[in-house]
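Comments concern the structure below.
Note that this is a predicted model, so its numbers are computed, not measured. The residues of the chain are indexed from 1 along the displayed sequence. In each ligand, atom 1 is the first atom listed, and ligand 1 is the first ligand listed. Below, all heavy atoms of this structure are taken into account, side chains as well, without hydrogens, waters or symmetry copies.
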Amino acid sequence: MRILGIESSCDETAAAVVEDGVKILSSEVASQVEIHHRYGGVVPELASRHHVEAICPMVEAALAACGMEAGDLDAVAVTQGPGLVGALLVGFGFARACAFGLNIPCVGVHHLLGHIHSVFLEPEKTPPVYPFVALVVSGGHTGLYHVPDALTLELLGQTRDDAAGEAYDKIAKIMGLGYPGGPVIDAMAAEGEGGRVFFPRAFLDKDGLDFSFSGLKSAVARFLSEDGGKTSRADIAAAFQDAVVDVLVSKAFLAVEKMGCRDLAIVGGVAANRGLKKKAAQEADMRGIRLHMPSPFLCGDNAAMIAAAGYHYLQAGKVLGLDADVFSRATDPGRVAVRHR
Ligand code: KG4
Ligand code: ZN
């Protein structure tokens, strides 16, 4: 079963061909970071326009990279939501027209479920066993989910304000480092000493699984303006990263413990963070939990993860009807079960 995946929910236009939900035949990503860099964040209207320009070349590139023609495809899987509506519509419209023209089924994939399926795409890594806990941590989302099967997400807790990636991006903007902030701050943090400054960790209620990052963001902003350049930026970056990682790791393992699971997946753009990887691996080792984190090329938005999740939609017969539409929020009623637990 060869599925063409299409992703356009934010600022990456991506196309991929994946076999049987696990084998990447090709994966192409056109990033718009250069376009949004000077604005310090994604400009929705610019994103939509660039998706329109990039979608055809990306699909053609994905087919060419695995020596396939459109006629060799068995189905199309596309991100239906959540995301920027104008951006989503470009991929969604393209995917549906493409599937209609080829007379093959089209499935609409929940973006977060796509991220979770990124841990099934690397043959050298043992995939998680259901049920497992997933921490989805990106620019738009920070949430903990119980994943009982391939198509169900049960929400355990989520951020009450900023997503972790958003906090990275906002701090980077204040420091004049441009967008996206995660990779730059991650690299700066590696050069610094985290213990020189202490930023507050918002654990909210001790037993809860919700997150909050806006207080941390304000604390760093205040520190930057009051410090007047006395503390090195690398030390500030390291202290900020330590605070983010501390909260993410402790809540994720608390969720694993509460659910009685043996497997934890950490996915999304922020899963590429080296500090997070290191601390999560140490904690997993100590607790005897199997940790699953994708390689960096599968952490950020890509279409291979969409095709991987799409395979399961197809198996379950969840094919898009003619009246289907995109949706913008994670908990909007989509075709996958995202429910509160
Ligand atoms: O998953 P993704 O590509 O898009 C969303 O669905 O949001 O995640 C992008 C986010 C951005 O906020 C970016 O700053 C962050 O992931 N990010 C990182 C790192 N690489 C990307 N954050 C921390 N450390 C990184 N190495
Ligand atoms: Zn994403």
Separation between NE2 of His37 and CG of Asp11, rounded to the nearest 0.5 Å:
13.0 Å

Mind checking whether [X] contacts ligand 1 via backbone (N, CA, C, O), side chain (CB onward), both or neither, at a 4.0 Å heavy-atom cut-off?
X: His111; result: side chain
X: Asp169; result: side chain
X: His141; result: neither

Option with minimal heavy-atom separation from atom 26 (N) of ligand 1, where the choices are Val33, Asp186, Val270, Leu112
Asp186

With atom 19 (C) of ligand 1 as the reference point, say which of Gly83, Gly182, Gly165 has the nearest heavy atom.
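Going through Gly83, Gly182, Gly165 one by one, Gly182 has the nearest heavy atom to atom 19 (C) of ligand 1.
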
Considering only heavy atoms of Gly300, which atoms of ligand 1 have at least one such atom less than 4.0 Å away?
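Every atom of ligand 1 under 4.0 Å from some heavy atom of Gly300: 3 (O).
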
Hey, is His115 one of the residues with a heavy atom under 4.0 angstrom from ligand 1?
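Checking ligand 1 against His115, which is what was asked, there is a heavy-atom contact under 4.0 Å.
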
May I ask you to check whether Tyr179 and Tyr39 place their ring centres under 6.0 Å from each other?
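Not close enough - the centres of the two rings lie 6.0 Å or further apart.
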
Using distance alone, decide if ligand 1 has a nitrogen or oxygen within less than 3.5 Å of any nitrogen or oxygen in Gly140.
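It does: an N or O of Gly140 is found under 3.5 Å from an N or O of ligand 1.
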
Taking the six-membered ring for Trp, are [X] and [Y] parallel (under 30°), tilted (30 to 60°) or perpendicular (over 60°)?
X: His110; Y: Phe327; answer: tilted
X: Phe120; Y: Phe132; answer: tilted
X: His111; Y: His115; answer: perpendicular

